[in-house]
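Within every chain, numbering begins at 1; the chains are lettered A, B, ... in the order of the sequence lines, protein sequences first and strands thereafter.
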Amino acid sequence: MSNAARQTDEIVIEVGQRHIREVNQDIMAACATGRPIRVVNTLSRHNLGVGLPDNVDITFEGSVGYYCGGLNTGANITIERNCGWAAGEGMAKGHITIGGYAGMSCGAAMIGGTIHVKGDAGPRVGVAMKGGNIVVEGKIGYQSGFMAHAGRIIALGGAGESCADALWQGEVWVAGGIDSLGVDVDVIEPTPEEVAEVDAILDPLGLVDSSRNWRKLVSGQRLWYFESRDASAWLMI
Amino acid sequence: MAHDLSKPYDYPFDVASEDEIRFRDAGAVDGRPAGVPSSYDEGGSTRWTPEAISEVHALAQLGRYQVRGYNTFNKQMPTFDDLTFVPATMTRLPLEGYRESCDTTTVLGGGRGLVERPLELKIPIYIASMSFGALSASAKASLGYGASKVGTMTCTGEGGMLEEEREASQRLLYQMSPARYGVDLDHLRRADALEIVVGQGAKPGTGGLLLGMKVSPRVSEMRTLPEGVDQRSTIRHPDFLGADDLAVKIEELRIATNYQVPIFIKMGATRPRFDVAVAAKAGADVVVVDGAEGGTGASPELLLNHTGIPTMSAIRAAREALDECGMSGKVSLVAAGGIRSGVDAAKCLALGADAVMIGNAAMVALGCNSPRYLEDYQALGTSPGACHHCHTGRCPVGVATQDPDLEARMNPNAGAERVARYLTAMTMEITALAKACGKSSVHNLETEDLRALSFQASAFTGVKMAGIDRAYDW
Ligand code: SF4
């Protein structure tokens with residue numbers, strides 16, 4: 001974004017080589033003002049914008065390292081370029097937009113909110129996620145959705161190998177090719193109602209396209225149960 | 001001459017009858033000829049013991065490994081009884097065991113000077129990470145109140161923060177397991193310390209296990225799991241792989257908690273000499289080393305019995321690792337696994353631990369294996385003193401269950417008091433030994449205060465053999 005486009009009441013925070021603790025303290029102080037925040041010269045540093053509160057609008061200019069937006073509790077976060085591992089990990093609420101590519105474990109163990117990746121995402125997107133939505137315009141990497149408990153991963157540009165491996169109740173939606181499925185996956189042709197639900201997530205992002213050939217991946221539930229449901233069957237013999 | 005075969009020897013009397021020679025006399029027992037070794041009945045195979053045979057029969061019937069709770073049944077594990085204290089005599093001066101005081105204050109996680117609120121415990125023992133799910137909610141609360149009464153800490157375990165436990169525990173360690181059940185920023189910030197688990201002593205290298213019988217509506221809600229599924233958890237964390245990533249993760253947690261509380265790393269004891277050094281390098285404030293004797297609510301039995309190294313050996317290796325990399329004093333060391341008493345705990349402190357954690361022992365104090373409700377032990381095919389059936393959720397005494405009727409069998413207030421008294425007694429045991437060894441603080445106990453009663457224990461720990469005063473050396 002050019003300087004001219006910057007909002008006038010925006011607070012600008014410089015990262016550079018400063019201690020990350022100091023940078024985050026500045027970010028937290030800026031959050032308290034309610035004004036938009038622009039973090040500049042990010043140098044792909046790790047741990048930028050961790051545990052941000054609600055009602056915050058924050059933009060990271062350039063690329064960021066690991067755990068950007070981790071444990072977010074409501075902030076609207078924009079990463080203009082790429083992010084490293086586990087952007088938005090453990091996020092409970094809020095919205096994260098990643099302008100470029102996302103590294104491994106994007107949205108790991110997230111609970112709620114939405115992550116929107118405009119490029120491709122690396123391996124293990126939404127691993128162990130407990131809720132919320134991850135929308136990836138490009139392709140999602142190896143073993144995406146691994147053991148996702150709940151929530152939706154929506155890939156518009158296909159999926160890599162071992163897709164939707166060992167899901168609990170999470171769902172992986174793929175438009176485009178899937179290199180291979182993980183273990184215990186059922187591939188379902190979604191109903192129009194289900195597609196409408198996904199379109200409702202895509203609509204605010206301007207990504208609805210009625211020509212998509214969706215595949216919805218859910219757990220085959222063959223890994224849910226080890227063996228018997230009866231306590232007495234588990235006694236030592 | 002007997003060896004002169006050309007000239008047979010003749011007795012100066014008649015040769016006895018064959019029946020007489022073969023003990024087939026009036027005293028003979030039918031079917032049990034004298035001269036048959038006892039192995040005729042008992043079997044003498046060191047490989048095919050009755051246990052080994054029944055194990056094959058079990059595997060052949062089940063087509064899967066056995067699953068159970070409790071801890072290792074491997075008879076080769078040394079016990080802390082292989083070590084003895086050598087109190088002050090002539091070269092050292094004892095303290096008055098019945099009168100003089102001995103400090104038990106234990107500070108964890110303050111060594112790096114990085115966090116605002118290091119943990120200050122009144123005793124060098126705290127309650128191990130056992131989840132709500134493995135244990136009932138009342139058991140968790142009882143542990144919390146009992147620990148609070150004596151000024152120490154409990155740990156959430158991997159199931160997320162239970163409100164009852166947060167209320168009960170004045171100091172609560174919040175565990176982040178690889179599965180990240182119920183992770184919540186608010187919970188992180190309400191915790192008195194955070195723990196990243198990379199493994200546990202009972203089953204290092206394998207994730208947690210909670211069979212469907214214990215995945216109750218409340219457990220399933222807290223863990224975002226379908227009710228009644230067999231929860232078999234991950235062991236690799238979702239958002240880091242190696243130690244360099246872990247260092248970044250630790251920094252993230254420090255930022256999330258605003259550098260208030262210490263960060264623990266808990267590991268199963270496997271290669272502590274290296275693993276502990278790596279954990280210290282990654283930035284942990286406290287390293288918890290859980291030996292192979294550590295307990296669990298459920299595990300594949302083979303992992304309980306055949307993985308990990310004994311607690312006593314792990315403590316020495318961990319302490320030497322911290323010494324070697326100059327991190328002793330900066331990083332606290334907690335030991336766990338098979339600690340049954342203050343005596344065991346004192347031995348751990350002497351071997352080099354800054355504090356110990358008890359799980360199984362605390363459950364026993366709550367009532368585990370107590371001789372009540374005998375018919376329910378029988379229904380599990382066991383008896384008080386031998387029960388190891390936590391995995392079934394049918395705990396006869398209401399400790400390791402999610403069944404409301406069974407849970408009601410443990411009076412939580414009485415349980416809390418028993419835990420408090422047990423911790424008090426353990427602490428008395430530790431100070432009694434420390435004072436006999438002439439120490440005014442339990443943290444002054446040292447390996448020189450110990451002697452080994454077995455080569456094995458000496459070889460595992462470097463503790464000198466009793467009497468000869470030299471460590472068993474190669
Ligand atoms: S008595 Fe209960 S807690 Fe103790 S071993 Fe048996 S099932 Fe587990």
Next on the checklist: Atom OH of residue position A/Y101 - does it have more than 12 heavy atoms of other residues, nucleotides or ligands inside 6.0 Å?
Outcome noted: no
Item to check | Per-residue contact mode, A/A166 against chain B (heavy atom under 4.5 angstrom) | outcome: neither
Checklist entry - Can you find a pair of side-chain heavy atoms, one from A/W85 and one from B/D239, that are under 4.5 Å apart? => result no
Checklist entry - Of the backbone (N, CA, C, O) and the side chain (C-beta and beyond), which part of B/A379 lies under 4.5 Å from a heavy atom of chain A, both, or neither? => result backbone
Checklist entry - Any side-chain heavy-atom pair from B/R232 and A/F226 closer than 4.5 angstrom? => result yes
Next on the checklist: If only side-chain N and O atoms count, and only distance matters, is there a donor-acceptor pair under 3.5 Å linking B/E251 with A/N47?
Outcome noted: yes
Next on the checklist: Using a 4.5 Å heavy-atom cutoff, which residues in residues 19-29 of chain A come close to chain B?
Outcome noted: A/H19, A/I20, A/R21, A/N24, A/Q25, A/M28
Next on the checklist: For a quick test of reading the model, state the closest non-hydrogen atom pair linking A/A233 to B/R64 and the distance between them.
Outcome noted: O-NH2, 3.4 Å
Item to check | B/Q66 portion near chain A, given a 4.5 angstrom heavy-atom threshold | outcome: side chain
Checklist entry - What pair of heavy atoms forms the shortest contact from A/W168 to B/D230, and how long is it? => result CH2-O, 3.6 Å
Checklist entry - Is the Lys NZ or Arg CZ of B/K249 less than 6.0 Å from the centre of A/Y67's six-membered ring, within 45° of the axis? => result yes
Checklist outcome for this item: Whatever's closer than 4.5 Å to a heavy atom in chain A on B/A179 counts as backbone
Next on the checklist: Quick check against the 3.5 Å criterion: does A/H149 have a side-chain atom that pairs as donor or acceptor with the backbone of B/L225?
Outcome noted: no
Item to check | Segment of A/W224 engaging chain B (4.5 angstrom heavy-atom cut-off) | outcome: both
Next on the checklist: I'd like to know if the side chain of A/S105 and the backbone of B/P238 have a donor-acceptor N/O pair within less than 3.5 Å.
Outcome noted: yes
Item to check | Minimal non-hydrogen separation, B/R189 against A/G51, with atom names | outcome: NH2-O, 3.3 Å
Checklist entry - Stepwise, does the side-chain contact (heavy atoms from CB on, under 4.5 Å) test hold for A/F146 with B/T234? => result CA-CA 10 Å; A/F146 178 63; B/T234 47; 3.6 Å; yes
Item to check | Segment of A/W234 engaging chain B (4.5 angstrom heavy-atom cut-off) | outcome: both
Checklist entry - Taking all atoms of both residues into account, what is the closest heavy-atom pair of A/R124 and B/H237, and its distance? => result NH2-O, 3.6 Å
Checklist entry - Picking from B/V248, B/L188, B/T392, B/L380, which has the most non-hydrogen pairs under 4.5 angstrom with chain A? => result B/V248
Next on the checklist: What's the separation between atom OG in A/S232 and atom NE2 in B/H389, rounded to the nearest 0.5 Å?
Outcome noted: 11.0 Å
Next on the checklist: Would you say CD of B/E221 has more than 12 non-hydrogen atoms from neighbouring residues, nucleotides or ligands within 6.0 angstrom?
Outcome noted: no
Item to check | When B/L211, B/V183, B/D184 are compared by non-hydrogen pairs under 4.5 Å with chain A, the top option | outcome: B/L211
Next on the checklist: Please find the pair of heavy atoms, one from B/T224 and one from A/A150, that lie closest to each other, and give the distance.
Outcome noted: CG2-CB, 3.9 Å
Checklist entry - Contact part of B/E55 toward chain A, heavy-atom cut-off under 4.5 Å: side chain, backbone, both or neither? => result neither
Item to check | Contact class of B/D186 relative to chain A, heavy atoms under 4.5 angstrom | outcome: neither
Checklist entry - Using non-hydrogen atoms only, which part of B/R180 is less than 4.5 Å away from chain A: side chain, backbone, both, or neither? => result both
Checklist entry - Relative to chain A, which segment of B/H388 carries a heavy atom at a distance below 4.5 Å: side chain, backbone, both, or neither? => result side chain
Next on the checklist: Is B/L241 in contact with chain A via its backbone, its side chain, both, or neither, using a 4.5 Å heavy-atom distance?
Outcome noted: both
Checklist entry - How many angstroms lie between atom NZ of A/K130 and atom CE of B/M222, to the nearest 0.5 angstrom? => result 12.5 Å
Checklist outcome for this item: Smallest heavy-atom separation, B/A256 atom then A/L71 atom, equals CB-CD1, 3.8 Å
Checklist entry - Hey, is CZ on B/R218 packed in by over 12 heavy atoms from elsewhere, all under 6.0 Å? => result yes
